[in-house]
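Residue numbers begin at 1 in each chain, while the letters A, B, ... track the order of the sequences. Model, not experiment: these values are computed from the prediction.
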Protein chains: 2
Amino acid sequence: MLSGLCFIGGKWQADTEVTFNAINAAKHTKLAPNFTNCSNEQLDQACLLAEQAFVMYRKKTVQQRADFINEIAEQLVKVEPLLVARTPLETGLPEARIQGELGRTVNQLRLFANNIIKDTLEIAHDTAIPDRAPIPRPDMKLSQLPLGPVAVFGASNFPLAFSTAGGDTASALAAGCPVIFKSHSAHPGTCEIVAKAIEIAINNCDMPKGVFALIHSKAYDISHVLVKNPAIKAVGFTGSYRVGMTLQKSIYQRKEPIPFYGELGAVNPQLLLPGLITDKANDLAQEFVASMNMGCGQFCTNPGLWLVNESEQAQFETVLADKINSCPAQVMLTPTMLTAYQAGCDNIAKQATVVAQGQAQDKKATTYLFVTSADAFMSNDKLHDEVFGPASLIVTYKDLAQAAKLIDILGGQLTASVHGTTDVINENKDLVEALSYKVGRLIFNQMPTGVEVSDAMMHGGPFPSSTDVRSTSVGSQAINRFLRPICYQNSPM
Amino acid sequence: MLSGLCFIGGKWQADTEVTFNAINAAKHTKLAPNFTNCSNEQLDQACLLAEQAFVMYRKKTVQQRADFINEIAEQLVKVEPLLVARTPLETGLPEARIQGELGRTVNQLRLFANNIIKDTLEIAHDTAIPDRAPIPRPDMKLSQLPLGPVAVFGASNFPLAFSTAGGDTASALAAGCPVIFKSHSAHPGTCEIVAKAIEIAINNCDMPKGVFALIHSKAYDISHVLVKNPAIKAVGFTGSYRVGMTLQKSIYQRKEPIPFYGELGAVNPQLLLPGLITDKANDLAQEFVASMNMGCGQFCTNPGLWLVNESEQAQFETVLADKINSCPAQVMLTPTMLTAYQAGCDNIAKQATVVAQGQAQDKKATTYLFVTSADAFMSNDKLHDEVFGPASLIVTYKDLAQAAKLIDILGGQLTASVHGTTDVINENKDLVEALSYKVGRLIFNQMPTGVEVSDAMMHGGPFPSSTDVRSTSVGSQAINRFLRPICYQNSPM
């Protein structure tokens with residue numbers, strides 16, 4: 001049974017009477033129960049408790065912290081049936097996807113737990129040189145400390161892996177930072193189920209009650225109050241550019257500057273070098289259409305922009321149209337997103353040509369493929385924005401000099417892919433190098449969807465794809481966002 | 001002969017007629033020549049050239065970049081006589097200090113040059129697992145790229161090591177980032193001499209002309225125009241809290257958020273645990289008085305706040321007074337700083353008791369030691385600010401519980417020192433742990449002045465000592481401020 005309450009200081013509680021409901025993504029109807037908006041006073045309390053919990057939590061051994069995080073994973077596995085029953089209703093995502101995403105979320109928690117046990121916090125050690133002239137060198141150890149309480153905002157499109165116990169929460173807890181998690185109003189029931197698993201882990205591992213809080217609210221204001229609270233020392237966010245920028249503004253109002261790790265999405269350009277389509281149009285089209293429709297196109301790494309040589313355009317479009325025409329319509333995460341997607345496609349259709357469209361169905365998103373020329377694209381900003389959903393835009397280039405110009409005007413991206421034979425790639429090293437400065441992850445001959453949770457992953461990128469190009473929100477390195485260096489000089493300890 | 005011009009695109013030039021002069025620090029008189037303010041148009045040009053230079057500079061091999069940085073070091077050694085003639089006039093610092101600081105600056109350049117050759121940019125490598133179920137793992141390499149053009153603002157108190165070719169410039173160039181350096185209006189002649197050494201290195205190593213620019217201006221506005229320019233991708237600053245915060249505000253006005261590495265100073269608290277003074281009052285007092293007077297107290301790590309057990313206060317003060325009374329008056333970096341220092345001491349004298357003061361002399365700073373109680377300190381914000389110069393404040397605590405409260409209200413600091421026997425330190429681990437969360441460097445039984453340029457150094461700290469606690473402005477790790485991760489997936493290259 002879902003309570004609809006906030007989880008603060010180890011207690012499920014409400015002190016407002018303002019409520020909201022999750023919406024059935026497929027039927028567009030309200031789901032029970034009512035979720036209660038967090039009050040500013042409750043939020044202040046959560047921040048105070050997080051600050052107090054920090055002093056205890058940071059003193060836990062890495063083994064104790066790892067045990068806690070592994071216990072969260074353990075408890076998550078147990079709530080799989082609850083998630084499989086609730087999350088598809090809230091998100092429209094199929095059961096198999098929820099099961100897969102839960103596995104990924106659990107593995108992610110275990111990865112961070114294992115890493116803090118096996119990795120040392122020590123970055124460098126300069127030993128003393130007592131007889132150095134003109135003055136002795138002291139012994140210095142460079143280690144790391146957690147930043148303090150972290151505010152985390154989950155994403156709509158990954159209700160588990162980028163949400164309550166997702167990558168931001170897992171890496172912050174692993175670093176030694178308490179977390180205040182603002183639930184996503186599209187899947188608050190899922191958030192509650194996961195928070196209850198965390199509650200059990202807190203109790204089983206005897207962790208301070210303030211180490212994790214879940215707050216609900218459909219009022220935007222609470223998010224801004226949260227990031228402005230002096231107790232908060234870092235913010236993790238995955239969501240839209242628009243919301244990310246309003247949070248950034250609130251963070252700028254703080255006296256103390258803190259890091260803002262906002263992952264804001266991208267169009268993930270796909271550069272198709274000349275010659276490839278001629279050779280393997282069908283295979284490429286197959287991969288593209290599968291990638292752009294994955295999760296109803298609602299992935300941060302969805303391939304939204306394809307740069308295609310104009311001499312190969314006609315051949316490619318023929319193959320693509322055939323595949324796209326048969327794409328079934330899909331349920332989107334929320335009715336609001338569906339409306340925004342349809343409006344986005346309508347806008348693009350006014351500026352570019354429709355190559356093909358998939359099947360249409362009430363309350364579902366239709367796949368769209370558009371095409372325009374490089375000249376039209378470069379002179380029309382309306383074509384540059386991400387359309388969140390299963391739509392892609394082909395931009396045709398006359399030659400590689402024009403492709404270089406296209407790349408030059410692109411904003412920062414999470415990913416880009418280069419598609420071409422090794423020979424053609426090697427002949428165009430400057431173009432590839434230029435593209436690398438626009439992205440966080442540069443992919444060769446593979447689709448951008450699918451983000452590995454591993455040591456070498458970079459999920460982030462130059463602005464506006466993220467607000468901090470120096471960090472990744474996925475993979476082992478994500479923990480570094482919540483740590484900072486400290487030098488211990490001449491320490492007897 | 002000094003030209004008084006800006007150095008932009010490899011040319012010494014001026015396009016305004018507004019000029020300013022450096023001031024003889026000892027005599028408070030103007031020094032020739034006139035230095036010409038940079039115009040906004042010249043600055044835009046410098047940014048454009050830096051952006052263009054970046055595309056070429058980032059493609060240089062690490063060996064080429066290291067050769068360039070070593071050549072700057074080589075050319076700096078050659079201008080030692082010019083610096084020894086000019087810098088003491090501009091700064092009031094003695095010749096020996098300038099020679100020592102030049103050595104440090106040269107070594108720092110060589111350290112970064114050596115490091116980029118010996119260190120790999122690769123952070124992690126996940127090899128492909130083609131037969132992994134349910135989907136294969138691609139090959140992923142996590143490497144690093146330079147951020148782009150960097151704006152650097154030098155400090156008044158280290159006219160070489162934290163200025164034109166100082167740590168910020170050296171680490172940015174090593175990372176692959178062009179630098180636009182805003183000269184310090186207190187030592188523009190020193191900046192020109194160093195920039196001329198860099199000019200020769202650019203020519204000798206065939207580097208792009210836009211890789212380094214020197215701009216002069218006494219108008220504050222130009223600094224704000226510089227940090228708001230879209231070509232600038234990071235800012236390094238060492239200076240006052242007040243100026244740092246105005247720059248931060250301008251950076252917040254940018255569309256693209258960029259990292260701001262501001263090192264803003266601190267009072268560097270010295271915690272004297274009970275029992276130590278009784279044992280070694282004289283040795284401790286000797287070290288303290290030497291440290292607080294070093295460079296006329298104009299070090300970022302000057303020990304400005306001493307926390308002393310009230311039962312040992314009288315004994316310590318007697319020994320300290322004796323030593324401080326004989327401290328000679330010293331020349332400060334600028335007449336403005338001298339005035340600010342005197343005003344700061346006058347303000348503290350109204351709120352606290354003067355323990356001792358050194359010798360007085362016209363146009364020179366007198367050493368001051370003040371004392372107050374923990375209660376008075378905690379209830380009076382006027383006692384918390386850094387007084388830049390040779391002044392320190394003793395705050396007496398009744399017991400270690402009160403010392404803990406004192407530490408709790410402290411703002412972020414570059415450093416703190418714990419003075420005590422190993423036994424007493426071990427008995428007070430919680431106190432020491434709490435102090436560690438206030439500082440970038442925690443020192444045991446040593447003075448905070450003296451910052452090693454080495455692998456394990458952390459020169460930075462929680463706000464307000466710096467604007468980015470995750471970074472250091474000194475030591476090998478300083479290069480990380482100007483690099484960001486990139487993942488290459490399935491790369492054929």
Worksheet entry | Sub-4.5 Å side-chain heavy-atom contact between A:I486 and B:S436 | yes
Worksheet item: How close do A:V439 and B:R484 get, heavy atom to heavy atom, and via which atoms?
Response: O-NH1, 2.7 Å
Fill in: Leading residue by heavy atom contact count with chain B [cutoff under 4.5 Å; candidates A:A124, A:P485, A:P464, A:G460]
A:P485
Fill in: Top contributor to chain B contacts, counting heavy-atom pairs under 4.5 Å, from A:G411, A:P462, A:C487, A:G440
A:C487
Worksheet item: Are B:F463 and A:P257 side-chain neighbours, meaning at least one heavy-atom pair lies under 4.5 Å?
Response: yes
Item to complete: Evaluate the side-chain proximity of A:E433 to B:R58: yes if any heavy-atom separation is below 4.5 Å, no if none is.
Response: yes
Worksheet item: Rounded to the nearest 0.5 Å, how far apart are CE of A:M458 and CD1 of B:I123?
Response: 9.0 Å
Worksheet item: Does any non-hydrogen side-chain atom of B:F444 lie less than 4.5 Å from one of A:M493?
Response: yes
Worksheet item: Heavy atoms, side chains only, cut-off 4.5 Å: are A:D126 and B:E452 in contact?
Response: no
Worksheet item: Think A:R441 forms a cation-pi with B:Y488, using NZ or CZ under 6.0 Å from the six-ring centre and within 45 degrees of its axis?
Response: no
Practice prompt. Report the C-alpha distance between A:K59 and B:D430 in whole Å, list the side-chain angles of each, state the deciding distance to 0.1 Å, and finish with yes or no for side-chain contact (heavy atoms from CB on, under 4.5 Å).
Written response: CA-CA 9 Å; A:K59 287 179 188 151; B:D430 276 3; 3.8 Å; yes
Worksheet item: Between B:D455 and A:K141, is there a salt bridge with N-O shorter than 4.0 Å?
Response: no
Item to complete: Assign the ring pair B:F54 / A:Y437 to parallel, tilted or perpendicular, where the plane angle (0 to 90°) is split at 30° and 60°.
Response: perpendicular
Worksheet entry | B:Q477 to A:L142 - nearest heavy-atom pair and separation | CG-CD2, 3.6 Å
Worksheet item: Looking at A:K429, A:H125, A:K255, which one has more heavy-atom pairs under 4.5 Å with chain B than the rest?
Response: A:K255
